[in-house]
Colleague: 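Take this structure first; my questions come after.
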Amino acid sequence: MPSPPGGFEVPLWRAVAVFRFAALAYVGVLALRDADRYAHPLVAGIVLLAMLGWTVLTALGYARPRRRGWPLLAADLAVVLAVLLASPWVIGRTGLAGGVPSLAVVWLAGPVLAWAVSGGRRRGAVAALAMGAADLATRERIGQSTVTGVILLLLAGVVVGHVARLAVTAEQRLQRAVELEAATRERERLARGIHDSVLQVLAMVQRRGAHLDGEAGELARLAGEQEAALRALIAGAPPPDGGAEADPGTLDLRALLGRYASAAVSVSAPATGVPLPAGTARELAAATRATLENVDRHAGGRAWVLIEDEGETVTVSVRDEGPGIAAGRLDEAARQGRLGVAQSIRGRIADLGGTVTITSAPGAGTEVELTVPRAAR
């Protein structure tokens with residue numbers, strides 16, 4: 001895969017560019033020394049100029065992350081292979097047999113290092129084997145030094161590729177650590193603000209209403225539960241009921257939604273159970289409760305809840321006969337920071353991989369359909 005921009009790989013690409021210029025300088029020194037032994041010295045000079053131009057072009061190309069893809073990598077390998085395979089004609093078989101180095105010499109390691117940095121050990125090894133095979137093909141006789149050069153080229157590709165992958169992994173881990181630190185700081189900031197406002201109000205409601213009867217006592221109990229859940233959320237711990245991950249079993253959705261039945265709420269369910277993963281059932285029940293709270297707050301009157309088990313999916317419909325929702329009202333509420341529908345309902349169902357469909361018109365009531373897949377997400 002192409003290398004990601006920036007990061008720890010930048011010094012590696014710069015090192016490859018520096019190596020190629022240094023290797024080219026060494027090739028130039030050898031060419032001046034052995035020019036009288038070349039079969040075509042003028043052509044050798046032209047090839048050296050082409051090598052210089054390609055070195056500059058690759059240095060500029062690899063410096064930009066968007067250009068480090070297969071077109072440049074393949075062209076780099078092809079150009080160096082062409083220079084290497086042209087050596088027997090430019091230098092001559094007699095010169096090569098007499099110990100004159102090929103035109104590429106150490107310059108042929110450039111694409112091997114580039115492939116290794118871009119793709120790791122395997123890609124570096126492939127480029128090294130291709131270069132080594134081409135180098136051996138230009139030799140009249142293969143000696144120990146030639147084989148040693150190929151082995152060193154292969155080791156360079158593998159080692160540099162390994163270091164490059166370590167650099168990418170280290171960069172990813174560092175980025176993750178930075179994100180976690182930022183999230184932790186944001187959580188601490190929110191915790192301070194919530195502690196000074198919401199938690200204190202909930203604690204006060206729970207304390208003052210703990211000994212009261214009726215709806216006031218129920219309100220105090222709910223305030224205490226929400227205070228505990230909010231404290232656990234701020235601390236990053238599971239909620240007091242263990243959360244969806246603490247209970248890997250299943251729950252009957254009928255039993256959970258049956259608690260909301262009252263004189264004003266009618267719950268209709270299948271005759272058989274509607275088992276769902278515990279976490280999915282709790283979240284769907286919570287979204288249903290939030291929907292009923294919206295009905296009580298904005299519509300009043302009666303509400304009808306229908307549970308439909310459709311095999312792969314389960315749908316809960318909540319219908320009322322209230323004044324309905326005006327067009328654009330939900331979007332306006334979200335902009336004002338009132339996220340009951342956006343978070344408590346749509347957010348919960350989206351996390352389960354489900355969908356929320358709201359059908360409403362002014363004066364015609366509202367129907368909310370909550371559909372979730374049976375399999376836990």
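All residue numbers in this chain count up from 1 along the given sequence.
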Colleague: Identify whether L24 and V106 are in the same connected component of the hydrophobic contact network (ILVMFWY, side-chain heavy atoms under 4.5 Å).
Modeller: yes

Colleague: Over all heavy atoms of both residues, which pair between L257 and V267 is shortest? Give the atoms and the distance, please.
Modeller: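 Scanning both residues, the minimum pair turns out to be O-CG2, 3.7 Å.
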
Colleague: Strictly distance-based, threshold 3.5 Å: is any side-chain N or O of R254 a donor or acceptor partner for the main-chain N or O of A271?
Modeller: yes

Colleague: I'd like to know whether V274 forms a side-chain contact (heavy atoms from CB on, under 4.5 Å) with D252, so could you lay out the CA-CA distance, the side-chain angles of the two residues, the decisive distance to 0.1 Å, and finally the verdict.
Modeller: CA-CA 5 Å; V274 184; D252 187 355; 4.0 Å; yes

Colleague: Do R67 and W13 form a cation-pi contact, if we require the NZ or CZ to be under 6.0 Å from the six-membered ring centre and within 45 degrees of the ring's axis?
Modeller: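 Ring-cation test returns no.
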
Colleague: Are the side chain of R165 and the backbone of V117 linked by a donor-acceptor contact shorter than 3.5 Å?
Modeller: yes

Colleague: Of T288, I358, V356, which meets side chain to side chain contact (heavy atoms under 4.5 Å, CB included) against I345?
Modeller: V356

Colleague: Of all the heavy-atom pairs spanning W115 and L73, show the shortest one and how long it is.
Modeller: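 Closest approach of W115 to L73, heavy atoms only: NE1-O, 3.0 Å.
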
Colleague: Which heavy atom of D34 sits nearest to which heavy atom of P101, and what is that distance?
Modeller: OD2-CD, 3.6 Å

Colleague: Minimum heavy-atom separation for L284 and L352, please, with both atom names.
Modeller: N-CD1, 4.2 Å

Colleague: Ignoring hydrogens and angles, tell me if any N or O in the side chain of R374 forms a donor-acceptor pair with the backbone of E312 under 3.5 Å.
Modeller: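 It does not hold such a pair.
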
Colleague: Which heavy atom of G157 sits nearest a heavy atom of V112, and at what distance?
Modeller: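 Closest heavy-atom pair between G157 and V112: CA-CG1, 3.8 Å.
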
Colleague: Could you report the tightest heavy-atom contact between G365 and S360, atom names first, then the distance?
Modeller: O-OG, 3.2 Å

Colleague: Determine, using the 4.5 Å side-chain heavy-atom cutoff (strictly less than), whether V27 and W89 are members of one ILVMFWY cluster.
Modeller: yes

Colleague: Pair L85, T138 - check side-chain contact (heavy atoms from CB on, under 4.5 Å), show working.
Modeller: CA-CA 6 Å; L85 296 176; T138 63; 4.1 Å; yes

Colleague: Take E181 and R176 through the salt bridge (charged side-chain N to carboxylate O under 4.0 Å, His left out) test and state the conclusion after the steps.
Modeller: CA-CA 9 Å; E181 182 181 4; R176 178 60 177 162; over 6 Å; no

